[in-house]
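In what follows, chains carry the letters A, B, and so on, assigned in the order in which the sequence lines appear, proteins first and then strands, with residues in each chain numbered from 1.
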Amino acid sequence: MDLRKEYITLKKELFDIYYRDLNNKQREAVYAVNGPVLILAGAGSGKTTVLVNRIAHIIRFGDAYNSDLVPEFVSEDTIEEMKKARTLGKRELGDYLTKFAVSPAPAWSVMGITFTNKAAGEIKTRIGEIFGEESDEYSSIMTGTFHSVCCRFLRRYGSLVGYDTNFSICDTADSKNLITECMKRLDIDEKTLAVKSVQNTISKAKDKLMTPEDLAGEAGNDFKLKKIAEIYSVYQERLKTQNLLDFDDIIMATVELLSGHEDVRNTLQRRYRYICVDEYQDTNFAQLRLTLLLSGYYKNIMVVGDEDQSIYKFRGAVIENILSFDQNYDNTRVIKLEENYRSTQTILDAANSIISHNTGRLGKTLWTQSEKGDPIIVSNLDTQIDEGRYISTVISDERTKNGFSFRDFAVLYRMNAQSRAIEQALVKSAIPYRVLGGLRFFERLEVKDIVSYLYVINNPMDDVRLRRIINTPRRGIGNRSVEIAVLLAYEEGFSLLEFMRNARKYSAISPSASKSMQEFAFLIDSLRESVAKMTVSNFIMKVIDDSGYERMIREIENKTERDERLSNLDELINTAKQYEQTSDEPSLSGFLEEVALISDVDRYDDEADAVVLMTIHSAKGLEFPIVFLPGMEENVFPGYQTIMNPEELEEERRLAYVAVTRAKKKVYISHVNSRMLNGQTQMNQISRFVREIPDSLIQQTAMDSYRSPYSSGYYGKRTGSAFSGKYNYDWSAGKPETKQSKPKTPLEVFEVGDNVSHGLFGNGVILSVKQMGGDILYEVVFEEHGTKKLMATFAKLKKIN
DNA sequence: AGCTAAAATGTTTTT
DNA sequence: CATTTTAGCT
């Protein structure tokens, strides 16, 4: 009897030894194999390690740890053997432990959904390290983003929900074009209803799994919403006839597939016994439904997330998904990972302090065993040119004095537009760097054009892409002819390409245009015939050549521009070559899917020795020894759109939390007195997020004086404060004179009922006055332009009588 | 009808 | 400031 107990205790001990690199909480998460598990993982708490180990654990040992199963006869010898195993090496111990396995799951029955393809790839690589890259486990495990996983389902079962299996994915820009077209068809003026907001509303509706009818139903008397529902309806119909899905459709159609087709649902629910979802705080309603459906049979679902890092509300993420996970599943096990392995205590204290200003948190406090580390360095510069120079000087300094490499630095900003000034400074200092995001690679004009050719060749119904390339390079098919062709094609029920093949039969198209159209259709048709005969990369070269695109680019006068474009096309070809090597069955449609779903961060390679510049959003999930946070100013970060809205402000604060927690060793924060943004010079106060960091964690450098108390309105111009930090650079070198920021002329103050005039909106009456930080918010009713909310500093209102 | 050049306009974050 | 829209020119 006692032997049996000892057997169980020893078995657990051996597993604990095997996972000795993990802490107690992490181990608990790995052992929690069956049933719903919620892991609240703070930044840098080793959640990828947990995810990988847990998946491997499920595959190798199943529920071995928790099981009370004991062989019928346990002898002293067995116990002795187990005791000896304590000293085995990691690998041998792992092999030994497989004999305790209890219903281990085949690798193909485990699904890991992550936020980026890169994270998915990392999980796969680490699974490969455990099982070997040649193993079945490595090749059969299903990892990917929500979108890539859903695409795989739709390629297989898409016909059940009305999509042909060679469907294409339509990105945001393409979908915007299509919506514009739909609005034209419905005769809705773009000025009364902005395309962007229509697109946004439709996207949000899809996130909530609402059909056009649902949206119309919810609209009630809301005229605008009714119109949008109408557009949505037409848009959806157009997408379907062209065999296109937008990003939201990918999820929505998969949910539709699973909820509407019991047989498919049963098959998939039983196939995927274990589901793991990463970054759960950023899932939207549709994704929640999807996970509920997939895990509906076994309910073995583990979600990992951090409510403090939820930064995609604007994209439909519902933070409640993680906050109320336990309401969707009975007997949820909750495990909190709070020990941080990434940052110094100072960085964590700063991050904790910032995030503590948010309400509605589950509450988590990161701690670490590592040292206190250097203080957060806060610098005040005059302009963003100085800011760029400051950053490049610090990089050179840290590199020469403290032995860091270029790859150890990341510059994280709120908006892509901020990268320019920093790039210029880095170029001047000859510091190698890469920018992620911004004009994303696949969104560059020439890349998009060639990819559009590929889309049309892959799916001839794709009118959206066809319209993009119909006259690029110039073929003498002008806008007017295209408009007519689209209209006629629609009436006759043809795709645009099909119509163009027979363009000459229609007298409405001018003879010269119809000739060009037929030639173009012939070009596409003949390219289509060679797709199967060559590799994707070779085919792309053929397209670039045959379409006349290369000739067009070579005719560009400007050398730099020409070379830039040619090198972008080269990179496209290289991407295709890479794809051919990594994919098991390379095909044009496979390549196109990758093109549509891959993000810039996925392409980020941390081996290259270069400083990396990206938005804070893109940086989520990454870490760097030294992080620069430029532009920590009110109206920039937090952005001016968010300042009025407490909820959005909290999201900005979470973003600040994400930013700070990317750093392992040091954080350099900077803010400037005057910033050129959108062609206007702004004078912004230091960001409230910096003020939320305790003084004791901060070291100020340069001419800072920002720490004036809240109440004393202005700042940035206290005189006489000396340089105080160890970094004492001459920022103004090379400039004739550094302009002291000018004292603001006291603004005229208005009261409710005052008559005022505005440069743009004309005359109006003050409706309300609200004190906002160091500024005043006026609500004004204008005679011509209705009610507007204006900040006193920017509006330049004048009193009239 | 198509192309080029000047005018207007509008700006967060992304799979 | 950089892209998109519109007016004028060929």
For A:Y312 and B:dT13, do the ring centres fall under 5.5 Å apart while the planes stay under 30° apart?
-> no
N or O in side chain of A:S599 less than 4.0 angstrom from B:dT14 OP1/OP2 = no
Take the protein atom CG of A:N177 and the nucleotide atom C1' of C:dT4, then report the distance between them rounded to whole Å.
-> 12 Å
A:Y604 has an atom OH; how far is it from atom C1' of B:dT15, in whole Å?
-> 20 Å
Answer for the Watson-Crick or wobble partner of B:dG2, both distances under 3.5 Å, is C:dC9
Test item: A:N568 side-chain N/O and A:R565 main-chain N/O as donor-acceptor pair under 3.5 Å | no
Distance-only donor-acceptor check, side chains A:S618 and A:T615, under 3.5 Å = yes
Looking at A:Y413 versus A:H617, is the centre-to-centre ring distance below 6.0 Å?
-> no
Selection from B:dT14, B:dT12, B:dC3 that lies nearest to any side-chain heavy atom of A:Q641 = B:dT12
Only one of A:N458, A:N459, A:N243 forms a side-chain hydrogen bond (donor to acceptor under 3.5 Å, both in side chains) with A:N166, so which one is it?
-> A:N243
Above 12 or not: heavy atoms from other molecules or residues under 6.0 Å from CZ of A:R152?
-> yes
Round to the nearest Å and state the distance from A:Y413 atom OH to B:dT13 atom C1'.
-> 12 Å
Pairwise C1' distance for C:dT4 and B:dT13, with rounding to whole Å = 22 Å
Name the pairing partner of B:dT13, where a pair is Watson-Crick or G-U wobble with both distances under 3.5 Å, or state none.
-> none
Point-to-point distance, once rounded to the nearest 0.5 Å, from CG of A:D462 to CZ of A:F167 = 13.0 Å
Nearest-neighbour nucleotide for the A:K191 side chain, C:dT6, C:dT5, B:dT13 considered | C:dT6
note: A:N479, atom CG; C:dA7, atom P; distance rounded to Å ~ 15 Å
Starting from the 5' end of DNA chain B, give me the residue, A:A513 or A:F247, whose nearest nucleotide shows up first.
-> A:A513
A:R420 vs C:dC1: side-chain N/O to OP1/OP2 distance below 4.0 Å | no
Round to a whole Å and report the spacing from CD of A:E279 to C1' of B:dT14.
-> 14 Å
B:dC3 OP1/OP2 closer than 4.0 Å to side-chain N/O of A:N471 = yes
OP1, OP2 of B:dT13 versus side-chain N and O of A:N416: anything below 4.0 Å?
-> yes
Whole Å only: how far is the CD1 atom of A:I616 from the P atom of B:dT14?
-> 11 Å
Hey, does the side chain of A:S618 come within less than 4.0 Å of B:dT13's phosphate (OP1/OP2), counting only N and O?
-> no
Looking at every strand, decide which applies to A:R440 at a 4.0 Å heavy-atom threshold: base, sugar-phosphate, or nothing.
-> base
Could you state the atom-to-atom distance from CD of A:E594 to P of B:dT15 in whole Å?
-> 14 Å
Quick one: label A:G476 by what it contacts on the DNA or RNA (base, sugar-phosphate, nothing), any heavy atom closer than 4.0 Å.
-> sugar-phosphate
A:R480 side chain near B:dC3 phosphate (N/O to OP1/OP2, under 4.0 Å) | no
Out of C:dT5, B:dT12, B:dT14, minimum distance to the side chain of A:E190 belongs to C:dT5
Return the 5'-most residue of the pair A:R414, A:R475 with respect to DNA chain B, ranking by each residue's nearest nucleotide.
-> A:R475
Candidate nucleotides B:dT4, B:dT14, B:dT15, ranked by approach to the side chain of A:H147 - the nearest | B:dT15
Hey, is the side chain of A:T642 poking within less than 4.0 Å of OP1 or OP2 on B:dT12, counting only N and O atoms?
-> no
Rounded distance in Å - CG (A:D600) to P (B:dT13) = 13 Å
Using a cut-off of strictly less than 4.0 Å, decide whether A:S481 has a side-chain nitrogen or oxygen near OP1 or OP2 of B:dG2.
-> yes
Applying salt bridge (Lys or Arg N to Asp or Glu O under 4.0 Å) between A:K313 and each of A:E648, A:E320, A:E647, report the one that passes.
-> A:E647
